[in-house]
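Take a look at the structure below.
Note that ligands are numbered from 1 as they come in the structure, with each ligand's atoms numbered from 1 the same way. All values derive from a computational prediction rather than experimental measurement.
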Amino acid sequence: MANHDSNPAAAGGALVGAALSRPLSQVDPEIYETVRLETDKQATKLVMIASENYASEAVLSTCASVMSNKYAEGYPGKRYYGGCEFVDMAETLAIDRAKQLFNVEHANVQPHSGTQANMGVYFAALQPGDTIIGMELPHGGHLSHGHKMSFSGQLFNVVTYGVNKDTELLDYDEMAAQAKEHKPQIIVVGASAYPRTIDFARVRSIADEVGAKVLADIAHWAGLVAAGVYPNPAPHADFVSTTTHKTLRGPRGGLVMCKEEYAKELDRKVFPGIQGGPFMHLIAAKAVCFLEALSDGFKLYAEQIVTNAKALGNAMAERGYRLVSDGTDTHLILVDVGQAGMTGKEGEAWLDTAGVVINKNTIPFDTNSPFVTSGLRIGTPAVTSRGMGEEQMVQIADWIHRVLESKGDEEISKQVRSEVDELCHAYPIYDWRLREMPKLD
Ligand code: DSN
């Protein structure tokens, strides 16, 4: 047994040994309080930001595990560090499960985020100055698909496509025309605020006509794809990228997949091209998430996400709101609140006070800036994780309507806030954490 009395550092009260086991509440009461407040908020408000979810306790506890301490630059069996035998096991499990889940030839589980997953693809398939085609941000696209503020818009020549003005559905004819004219090296398809399915076979044939590769970014739909309730682009795309924390309900992180022919180059570009040491705690947690997503229960969960989004959309439409593209096939609805005489910014703030957390979002051809917007993006992944169903979606639509119609009236917001609180208590999540996180004196 080690004799701590003989260790001058331990004897002097230095932060070593058992002193590293002090609880957060003692070590850093200020950060403890932020975690406690965030926990309380997530437990008692309706989280309806379409890109958020509640990861399982198994996923969260893996994120908080000692895997975080380990350096493992390289890939399983080919590391630049000793002592990698257990993280190798975890990463291999994550890779095998990702391949099974999305039916792909190759998976790299190391990207720290979705943007880094996309960066790995661009660097593997493009040279600076090459041309990419991506969806316009106000039409539902993503910054990393070529926005001028992102590296993707700065390093590459970017051409965009959008949705049809009348139908608000992806305009494949425009994509094809742009591809013919600009001869891109990659067509990027994927979106953060597009409520409909994408015809990946059609994108493939547009790409084939001009000799382009296809990158399908399924960050928003990954859980739905895994469960078979959204089309899988894998048979049609050269590369598939995603995050793991949205509908897939895993830890915060990225994942990138490809056909075998690109595997070596893609791996090289992820590490050492754009990243250093992989986050082994998150990779282990991704493995847990993929295992969960392979279960029959997850399929039922994903189906319910879409059923709930449809129910919410119908209930909003019945209350007079216009939905972009007239509905949804996915986990989110995009509500045109400009038509109802308010901005997205106002709606977001009013609803937050009433306990419904959503985000303002541009709608196609929006005349307001991204900081103001005419739309609200509302998603069902997190409330579905709480076990809520169609009945609760109608109730939520009613609350949203009451708050928006009253333009955030204080009394109505207070009333709705208390009703939201009651519903959240009836559908608890992480209540174990609330019990374990008492307010400090
Ligand atoms: N920021 C994410 C979203 O909310 O959709 C996309 O990366």
Side-chain angles (χ1 to χ4, degrees), residues 38 42 45-55 111-122 132 134-153 160 162-163 170 188-198 215-225 230 239-256 274 282 286 289 305-306 309 324-325 328-335 344-345 347-348 351-352 356-364 366 369-373 375-385:
E38 179 63 27
Q42 289 189 22
K45 283 188 168 183
L46 291 166
V47 175
M48 302 195 78
I49 290 180
S51 48
E52 293 184 1
N53 210 333
Y54 297 104
H112 302 328
S113 71
T115 291
Q116 277 167 287
N118 289 340
M119 190 185 248
V121 172
Y122 297 147
I132 64 174
M135 192 185 223
E136 287 207 37
L137 197 66
H139 289 215
H142 187 257
L143 286 166
S144 66
H145 297 176
H147 192 270
K148 60 181 186 303
M149 298 295 284
S150 146
F151 78 94
S152 57
T160 58
V163 297
L170 199 157
V188 186
V189 65
S192 2
Y194 183 65
R196 296 298 185 172
T197 49
I198 286 185
L215 162 60
D217 180 343
I218 58 166
H220 265 263
W221 313 303
L224 309 182
V225 171
Y230 193 93
F239 300 94
V240 178
S241 65
T242 184
T243 50
T244 46
H245 50 268
K246 298 186 175 91
T247 48
L248 195 52
R249 208 166 64 182
R252 189 156 295 276
L255 163 68
V256 63
I274 60 168
L282 298 182
K286 285 172 196 174
C289 145
I305 292 177
V306 178
V324 169
S325 82
T328 184
D329 307 319
T330 66
H331 61 304
L332 67 84
I333 58 170
L334 198 53
V335 185
K345 186 179 176 185
E348 178 188 297
L351 288 169
D352 192 68
V356 182
V357 187
I358 50 92
N359 67 283
K360 62 178 179 279
N361 213 101
T362 48
I363 59 172
D366 207 323
S369 79
F371 292 106
V372 178
T373 83
L376 295 179
R377 188 182 67 161
I378 312 179
T380 54
V383 289
T384 307
S385 286

*Just which atoms of ligand 1 are under 4.0 Å from any heavy atom in R377?*
3 (C), 4 (O), 5 (O)
*asked:* For atom 5 (O) of ligand 1, is there a protein heavy atom at a distance under 4.0 Å?
replied: yes
*Answer with side chain, backbone, both or neither: which part of E52 has a heavy atom less than 4.0 angstrom from an atom of ligand 1?*
neither
*Specify the protein heavy atom at minimum distance from atom 2 (C) of ligand 1: its residue, its atom name, and the distance to 0.1 Å.*
K246 CE, 4.0 Å
*Determine, using heavy atoms of H220 and all atoms of ligand 1, whether some pair is separated by less than 4.0 Å.*
yes
*Can you say whether the rings of Y230 and W221 are parallel (under 30°), tilted (30 to 60°) or perpendicular (over 60°)?*
parallel
*Polar contact flag, side-chain donor to acceptor under 3.5 angstrom, S152-S150*: yes
*asked:* Counting non-hydrogen protein atoms only, what is the nearest one to atom 7 (O) of ligand 1? Give residue, atom name and distance.
replied: H142 NE2, 2.9 Å
*Return yes if a side-chain donor-acceptor contact under 3.5 Å exists between D217 and H142, otherwise no.*
no
*Relative to the heavy atoms of S192, which atoms of ligand 1 are at a distance of less than 4.0 Å?*
5 (O)
_Closest non-hydrogen atom pair between Q116 and P111, with its separation_ = C-CB, 4.2 Å
*Heavy-atom contacts with S51 under 4.0 Å: which atoms of ligand 1 show up? List them by number with element.*
3 (C), 4 (O), 5 (O)
_Using side chain to side chain contact (heavy atoms under 4.5 Å, CB included), reason through M48 and V356 one step at a time and then give a plain yes or no._
CA-CA 7 Å; M48 302 195 78; V356 182; 4.1 Å; yes
*L376/L351 under side chain to side chain contact (heavy atoms under 4.5 Å, CB included): CA gap, chis, key distance, verdict*: CA-CA 10 Å; L376 295 179; L351 288 169; 3.9 Å; yes
